[in-house]
**Student:** 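Please read through the structure below; I'll follow up with questions.
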Amino acid sequence: MLPVTADLVLRNVTLLTGRCADISVTSGVVSHIGAAVRADETIDCSRFTCLPGAVDMHVHMRGGVQADKEDWCSGTVSAVAGGVTLVVDQPNTVPPITTAERLLARIHEAEEQAVCGFAINAGVLPDADLTGMWKAGAMAFGEIFAAPSSYGEGLDPESLRNLFARIHALGGLATIHAEEVCGMAPETLAEHDRARPPEGEARAVRRVGELAPGEMRLHFCHLSTAASVRAAHGTVEVTPHHLFLSYEDFDPDDTLARVNPPLRDKATRRALRSCWDAIDVIASDHAPHTLAEKKVQFGNAPSGIPGLETMVPLLMAEVHRGRLSLSSVIEKTSWKPSEILGISRPGFEPGDRADYALYPDELSRIDASGLHAKCGWSPFEGHEAIFPEVVIVGGVRVYAHGDLQERHPQFYPGEGYLSHPDK
Ligand code: DOR
């Protein structure tokens, strides 16, 4: 039945089918598609491409004792300014999230500061309280370090086998950082690539498949080569930096471009780009380090680059150029991650979550001084992008024309929390 009134109506939205419709939103979800009903607020979308809000399922929000790098406020403002309305935080914080108590404190910190939807993953170490965190609302497990990285110790094969079995018994999703590290101390980006070689990543992906129980749900984080994508038995995540950047784009010892897995050479990057259809999820692996931390000798610089705010804008520039389809961008940034995580998807059907970002049809150039992350730099400086003008979270206009309008934090717990017998 047609609702009498709505909280918000998005007018003149062009749907993926090409049909133009009005979307009515009540209590944070789509209540009607078709002719508009009376509403408290109306937004005309005829100038914009309306996308469902993106779900970035791989973000290092830092906070706590690392709040000088990023905190939940700066990080989530950066998210919405880039059309991301739900972030999944990684547990390699200081200290790592390995107990229910730490997870609950992390949820509390996010509730106080975040401006959009958020979820928090459980840290996976041999002594971690996996069951406690699952029941306390962890979204998924990991990233699980099958190789060492900044703020993450690599786990040995026996520990991995044991932890995978425990996660599988809980019915959880294991998200994995799979790499092989050969021990050399790199002094340049090319050496960093060789120290964590492309073939090693594919081998590590296959090894994880052998260590995990047969039917287990596996998600491979930030795969950087076509061979790794093909080797994965599970869902596959790729970052914008591995799609759009090669190490040859930077000075040989530029520490800003140091990241794990490393940026590859141009040919490897192009091959990854050519398997677009086999990629399930694009996520940023937003790992902001300050310029002061990065501007040191190559060997001492932490790995990690910021990318939350630029992720969808870079993809929208590719859509504008006709190199990617809009539907594939929506699928990989919003619908597939929602499905993998088991949360309702944002979109254009009654009952869908009312998270949207409205993109103009104009390219601009990325200028890090205008971005909202605390670190103040971007490896995509000067790249073309399309940033959203208006962003809606749960039916609330949270961001418009460069400014935060309102906070709308919402915690998304994982399936362990929903099935907790005490709830
Ligand atoms: O480069 C990276 N930095 N890769 C990771 O997996 C972790 C991240 C971080 O937390 O800084």
Side-chain angles (χ1 to χ4, degrees), residues 56-72 75 78 87-98 106 120-125 140-155 160 174-181 186 189 191-193 195-198 200-201 204-205 208 219-225 228 236-243 245 247 250 254-264 281 283-294 296 298-308 311 373-375 377-380:
D56 189 340
M57 64 182 284
H58 195 127
V59 171
H60 298 270
M61 210 43 95
R62 312 295 190 207
V65 299
Q66 294 183 304
D68 56 329
K69 286 176 188 274
E70 195 77 286
D71 59 36
W72 280 97
S78 186
V87 293
V88 182
D89 184 42
Q90 300 300 303
N92 63 333
T93 45
V94 180
I97 309 293
T98 49
R106 189 78 176 149
I120 298 171
N121 280 359
V124 178
L125 290 170
F141 293 89
E143 58 180 295
I144 300 169
F145 288 97
S149 187
S150 297
Y151 305 112
E153 299 286 327
L155 293 162
L160 282 171
T175 68
I176 300 126
H177 179 133
E179 275 194 282
E180 229 174 56
V181 182
L189 292 167
E191 286 176 11
H192 188 53
D193 170 51
R196 295 167 170 266
E201 184 185 76
V205 165
V208 163
H219 175 79
F220 289 92
C221 303
H222 46 50
L223 294 183
S224 64
T225 73
S228 304
V236 166
E237 169 191 302
V238 169
T239 68
H241 47 271
H242 292 118
L243 281 176
L245 303 175
Y247 65 73
F250 297 86
D254 189 340
T255 53
L256 292 184
R258 183 175 187 178
V259 63
N260 298 334
L263 298 184
R264 305 302 185 185
V281 169
S284 69
D285 190 12
H286 181 70
H289 298 293
T290 63
L291 276 175
E293 289 167 313
K294 280 287 207 181
V296 295
F298 193 91
N300 297 328
S303 290
I305 56 184
L308 172 55
M311 177 174 78
K374 279 191 184 178
C375 63
W377 61 275
S378 166
F380 300 105

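Because the structure is a prediction, the values reported are computed rather than measured. In each ligand, atom 1 is the first atom listed, and ligand 1 is the first ligand listed.
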**Student:** Measure the distance from atom 11 (O) of ligand 1 to every protein heavy atom, then report the residue, atom name and distance (to 0.1 Å) of the closest one.
**Tutor:**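 Ranked first by proximity to atom 11 (O) of ligand 1 is Arg62 NH2, 2.8 Å.
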**Student:** Provide, to 0.1 Å, the distance between atom 7 (C) of ligand 1 and the closest protein heavy atom, together with that atom's residue and name.
**Tutor:**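 For atom 7 (C) of ligand 1, the nearest protein heavy atom is Ser149 OG, 3.6 Å.
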**Student:** Under a plain distance cut-off of 3.5 Å, with no hydrogens placed, do His60 and Glu143 share a side-chain donor-acceptor pair?
**Tutor:**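 Yes, a side-chain donor-acceptor pair sits under 3.5 Å.
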**Student:** Can you find a pair of side-chain heavy atoms, one from Val87 and one from Leu308, that are under 4.5 Å apart?
**Tutor:**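 Val87 vs Leu308: side chains touch.
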**Student:** Taking only heavy atoms of His289 into account, list the atoms of ligand 1 that are under 4.0 Å away from them.
**Tutor:**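 Those atoms are 11 (O).
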**Student:** Can Arg258 be said to touch ligand 1, with heavy atoms closer than 4.0 Å?
**Tutor:**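 The answer is no: ligand 1 sits nowhere under 4.0 Å from a heavy atom of Arg258.
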**Student:** Relative to the heavy atoms of Glu143, which atoms of ligand 1 are at a distance of less than 4.0 Å?
**Tutor:**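 Those atoms are 6 (O).
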**Student:** So do Thr290 and Cys375 actually touch side chain to side chain, heavy atoms under 4.5 Å?
**Tutor:**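 In short, these two side chains do not touch, never coming nearer than 4.5 Å.
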**Student:** I need the atoms of ligand 1 closer than 4.0 Å to a non-hydrogen atom of Ser150, numbered in the order shown.
**Tutor:**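 With Ser150 as reference, the close atoms of ligand 1 come out as 7 (C), 9 (C), 10 (O), 11 (O).
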**Student:** Please identify which atoms of ligand 1 are closer than 4.0 Å to at least one heavy atom of His222.
**Tutor:**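 Per the distance check, 6 (O).
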**Student:** Carefully, step by step, assess Asp285 and His241 under the rule side chain to side chain contact (heavy atoms under 4.5 Å, CB included).
**Tutor:** CA-CA 9 Å; Asp285 190 12; His241 47 271; 4.3 Å; yes
**Student:** Should you measure from each heavy atom of Val259, which atoms of ligand 1 turn up under 4.0 Å away?
**Tutor:**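 So the answer, numbered in order with elements, is 1 (O).
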**Student:** Hey, does Tyr151 come in under 3.5 Å of ligand 1, counting only N/O atoms on both sides?
**Tutor:**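 Such a contact does not occur with ligand 1.
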**Student:** Are any of the N/O atoms in Gly304 less than 3.5 Å from those in ligand 1?
**Tutor:**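 So ligand 1 has an N or O lying under 3.5 Å from an N or O of Gly304.
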**Student:** Determine whether the aromatic ring centres of His222 and His58 lie less than 6.0 Å apart.
**Tutor:**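 Yes, the ring of His222 comes within the 6.0 Å limit of the ring of His58, centre to centre.
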**Student:** Any heavy-atom pair between the side chains of Val88 and Asn121 that's under 4.5 Å?
**Tutor:**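 Asn121 vs Val88: side chains touch.
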**Student:** So do the side chains of Asn92 and Phe145 get within less than 4.5 Å of each other, counting heavy atoms only?
**Tutor:**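 A side-chain contact under 4.5 Å exists here.
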**Student:** Among all protein heavy atoms, pick out the one at the shortest distance from atom 8 (C) of ligand 1; state its residue, atom name and that distance to 0.1 Å.
**Tutor:**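 Residue, atom and distance for the closest contact: Ala287 CB, 3.8 Å.
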**Student:** Show which atoms of ligand 1 fall inside a sub-4.0 Å distance from at least one heavy-atom site of His177.
**Tutor:**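 So the atoms of ligand 1 that pass are 5 (C), 6 (O).
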**Student:** Tell me: protein heavy atom nearest atom 3 (N) of ligand 1, and distance?
**Tutor:**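 Of every protein heavy atom, Ser303 O, 3.0 Å lies nearest to atom 3 (N) of ligand 1.
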**Student:** Just wondering, do Thr239 and Met311 contact through their side chains at under 4.5 Å, heavy atoms?
**Tutor:**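 No - every pair of side-chain heavy atoms lies 4.5 Å or more apart.
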**Student:** Between Arg62 and Asp71, does any side-chain N to carboxylate O distance fall below 4.0 Å?
**Tutor:**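 So Arg62 does not pair with Asp71 through a salt bridge.
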**Student:** Among all protein heavy atoms, pick out the one at the shortest distance from atom 1 (O) of ligand 1; state its residue, atom name and that distance to 0.1 Å.
**Tutor:**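 Looking only at protein heavy atoms, the one closest to atom 1 (O) of ligand 1 is Asn260 N, 2.9 Å.
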**Student:** On a heavy-atom basis, which atom in Ser224 and which in His242 lie closest, and how many Å separate them?
**Tutor:**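 For Ser224 versus His242, the nearest heavy atoms are CB-CD2, 3.6 Å.
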**Student:** Checking contacts here: is it the side chain or the backbone of Asn92 that comes within 4.0 Å of ligand 1, counting heavy atoms only? Could be both or neither.
**Tutor:**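 The side chain, only.
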**Student:** For Gln90, state whether at least one heavy atom is located under 4.0 Å from any atom of ligand 1.
**Tutor:**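 Distance cut 4.0 Å: Gln90 fails for ligand 1.
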